[in-house]
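Below is a structure I'd like to ask you about.
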Amino acid sequence: MEKEITAREAADILSELADLMEIKGDNRYRIRAYQNAARSLSSVSEELKVLVAEDRLTEIKGIGEGLSATIKEIFATGTADQLEELKRELPAGLLDLIEVPGVGPKRAHQLYYQLEVSGVEDLKKALQEKRVRELEGFGPKLAKNLKEAVARYESFQERMKINEADCLAERIGEHLERKPELYLKYTTAGSLRRRKELVKDIDILMIPADPESDGLENHLRELEGLHKVESAGSSKITLVLESGVKVDFRLVAEDEFPAALIYFTGSKEHNVKLRQLAKEKGYFLNEYGLFSRENRENREDSEGREDFAERGDSGENEDLKDPEDGEYREDLDLSESSRGGNLGKKSEGDAASGFSSEGDESAESGIYHFFGLDFIEPELREDRGEIEAARKGELPDLIDFSDIRGDFHLHTRYSDGAYGIEDMAVAARELGYEYLAVTDHSKSLRIASGLSEERLREQLEEIGRLKDRISGIRILSGIEVDILPDGGLDFSDDILRRLDLVIASIHSGFNQSREENTGRLVEACRNPEVDIIGHPRGRLLGRRDAYRVEMAEVIEAAAETGTCLEINASPSRLDLDDLLARQAASRGVRLAISTDAHHTGELSDMRLGADVARRAWLEKQNVLNALPLDDLLEFLA
DNA sequence: GCCGTTTTCGGCCCGACTGTTTTCAGTCG
């Protein structure tokens, strides 16, 4: 059965249609109509199925008879004749071309029709050969900027945002779980497991049920979205997806799993430190296990891995794993049961499926404990002092998503959000929160329909009414007030004072000097009405660098004034990043993790923010929204 | 292509910024 098209997906198709129409040079107002329709369609709360069945699409603002017919066609067939025709006419690469910052539809049009540039690669070549000079409006500076933009585009192409990587990993997991007989266990490793904000490829560690069988390889060949199997050996299978993303499967024996998981989780720097520790103790560590150096010599005389796979079924490994034993005895020869003995963990039987992490921790902790270290969470494994801290028993008690009690930064239909206050509150309540703050844009941000004083008053009234109607979650009134180019705020203190919570953010004047931007943020910190500085560095991953700002000064100002800094959990921002958040916390600044959700679904981006916080070594007490409601209210007062 | 209504077609969001120009076009948000 065909997959049913959702409103969101239909909206995406309309957007694509609009993009192609734009490149082709269609009527701009017609294009805008498509874009408008896409936007309103993507934010309808009703199911597309229902809207189509009841022929009520034209009730949606921006959708008339024509677009209603197009949307019905998309719902019925998954595409539209118009779109297919445009796709035949214009190369697909043009859609990539307009993803390059600085190239919009007009320039893409020029490039394609005058220079036959039909993709990013072509553009790169045309820039190198200086052919773009032939085009009207393309001067030397633009050429230089485009060169940089292409370089950034390409480097970004190599890495995907963590939420995209999560999606892919989930899809692969679903595919694997259709044939659970193929493996004993699998789990993600690499930078995805360390929860880095950008991920280059996906590493999956697996214990195959039968290393000799080619069943796994054959099953992987049926993965949806597969471009090709790049390599397939006994210990590694590499897939290339249509999106260009590589997926590495590392295949290990059961007893190799703990060491392999540490090795493939990395980081490289962390692993180097661990291996140094091993050496000091007269052992060595690699992806197959932890070995005494003495036996290593023996091993090199014999044949390698086969030897390891044979051992490991004796009971010693279980003893090693038992935390009740405390420190491993120095005299314990890890390889006594056979050559190459290691700290393997026997399968728990039911741990066979899913990206389980419980089992992973206990598997790995044996090795850490052996070195006299506390277990080190994957998010900390960057050689940023975690090994030293683990030795002293001073690792942080990391914050967890389950510690989060509310969200401070979200938008509703009052500005550029897709849902009403009530919808967002109910969705937040479903996440188990105690509170949320409604923080729409302020008046100067016209592009996002920023609130006038009047609209803000209306919103306050609605929040007042909802407080009685919605139980189980407290709705706080707030605003994301613009820090204006001159450093002032978009609303007077008198107005801000009436709100429960104020976030101040920069959305304009990005090109001011370092001193000016720093001054704007410091001034915002000093305003007693401001509780949180929103997305302090203003970066958009892969699209826009952070604006110039001296964060150390901002952090000091935040520390002095008790202002919180935001960890914006939107996967395109993740701003502050792990390093700056850690720096801020070390200066005593509290961090507010918030999603900047414009949609109910985006409220769950909170997990990504929590990941950043964990990478920043944050504990509960460093995080404003880990506070219970009463403590929060006291803080805000 | 949609909307509103001046019921039959004209107007459709807009300011900042950059780089190209010599008064504006393209992009971005």
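Basis for what follows: all heavy atoms, side chains included, without hydrogens, waters or symmetry-related copies. Every chain is numbered from 1, with letters handed out A, B, ... down the list of sequences.
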Report the distance from atom NZ of A:Lys61 to atom C1' of B:dC3, rounded to the nearest whole Å.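 Checked: the NZ to C1' distance equals 9 Å.
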
When the P atoms of B:dA16 and B:dT21 are compared, how many Å lie between them, rounded to an integer?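 Approximately 24 Å lies between the P atom of B:dT21 and that of B:dA16.
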
For atom OH of A:Tyr34 and atom C1' of B:dC3, their distance in whole Å: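 Atom OH in A:Tyr34 sits about 16 Å away from atom C1' in B:dC3.
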
Closest to the 5' end of DNA chain B, once A:Ile60 and A:Ala143 are matched to their nearest nucleotides, is A:Ile60

If I pick the P atom on B:dT20 and the same atom on B:dC12, what distance separates them, to the nearest angstrom? 31 Å

Quick one: look up who B:dT8 pairs with, Watson-Crick or G-U, both distances under 3.5 Å, and put none if it's unpaired. none

Of all heavy-atom pairs between A:Asn517 and A:Gln512, which one has the smallest distance, and what is that distance?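 Heavy atoms of A:Asn517 and A:Gln512 come nearest at ND2-O, 3.2 Å.
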
Within the 6.0 Å centroid threshold, strictly below: A:His599 and A:His411: no

After noting the C-alpha distance and the side-chain angles of A:Leu48 and A:Ile71, does the key distance pass the side chain to side chain contact (heavy atoms under 4.5 Å, CB included) rule? CA-CA 9 Å; A:Leu48 183 59; A:Ile71 294 164; 4.0 Å; yes

Mind calculating the distance between CZ (A:Arg30) and C1' (B:dC2) to the nearest angstrom?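 Atom-to-atom, A:Arg30 to B:dC2, this comes out as 12 Å.
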
Provide the distance between the two C1' atoms, one in B:dC3 and one in B:dC13, to the nearest whole Å.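 Approximately 15 Å lies between the C1' atom of B:dC3 and that of B:dC13.
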
Between CG of A:Leu540 and P of B:dT27 the distance, given in whole Å, is 19 Å

How would you label the contact of A:Glu136 with the nucleic acid (heavy atoms, under 4.0 Å): base, sugar-phosphate, or nothing? nothing

A:His598/A:His409 aromatic ring centres below 6.0 Å: no

Measure from NZ or CZ of A:Arg405 to the centre of the six-membered ring of A:Tyr433, then state whether that distance is under 6.0 Å and the direction lies within 45° of the axis. no

Within this structure, what is the CG-to-P distance between A:Asp26 and B:dC2, rounded to whole angstrom? 13 Å

Please work out which residues in residues 516-524 of chain A have a non-hydrogen atom less than 4.0 Å from an atom of DNA chain B and list them by number. none

Can you tell me how far P in B:dG10 sits from the matching atom in B:dG15, rounded to whole Å?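 Roughly 25 Å separates the two P atoms.
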
Looking at A:Ser444 and A:Leu484, what are the two nearest heavy atoms and their distance? OG-CD2, 3.6 Å

Nearest non-hydrogen partners of A:Ile532 and A:Ala592, listed with the distance: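 Of all heavy-atom pairs spanning A:Ile532 and A:Ala592, the closest is CD1-CB, 3.7 Å.
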
Stepwise side-chain hydrogen bond (donor to acceptor under 3.5 Å, both in side chains) test for A:Glu553 and A:Thr518: CA-CA 7 Å; A:Glu553 282 182 41; A:Thr518 307; 5.2 Å; no

Can you classify the ring geometry of A:His507 versus A:His535 as parallel (below 30°), tilted (30 to 60°) or perpendicular (above 60°)?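 A:His507 vs A:His535 ring planes: perpendicular.
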
Check A:Ile399 against A:Ala613 and note the closest heavy-atom contact, atom names and distance. CG2-CB, 3.8 Å

Rounded P spacing from B:dG26 to B:dT22 in Å: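 One P to the other, the span is 15 Å.
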
A:Lys106 atom NZ is separated from B:dA25 atom P, nearest whole Å, by 10 Å

Nearest-Å distance, NE2 (A:His109) to P (B:dT27)?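 Those two atoms, NE2 and P, are 12 Å apart.
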
Taking the nucleotide of DNA chain B with the closest heavy atom to each, which residue, A:Ala33 or A:Ala108, is nearer the 5' end? A:Ala33

For A:Lys144 and B:dT20, what is the distance between atoms NZ and C1' respectively, to the nearest whole Å?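 It is 16 Å, rounded to the nearest whole Å.
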
Under 3.5 Å, which protein N or O atoms sit close to an N or O of nucleotides 11-19 of chain B? Give each pair with its distance.
from	atom 1	to	atom 2	distance (Å)
B:dC13	OP1	A:Arg32	NH1	2.3
B:dT18	OP1	A:Asn511	ND2	3.1
B:dG19	OP1	A:Asn145	ND2	2.9

In whole angstrom, give me the gap between the P atoms of B:dT5 and B:dG1. 23 Å

Looking across every strand, which nucleic acid part, if any, lies under 4.0 Å from A:Ile63 by heavy atom: base, sugar-phosphate, or nothing?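 Here A:Ile63 touches the backbone only, sparing every base.
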
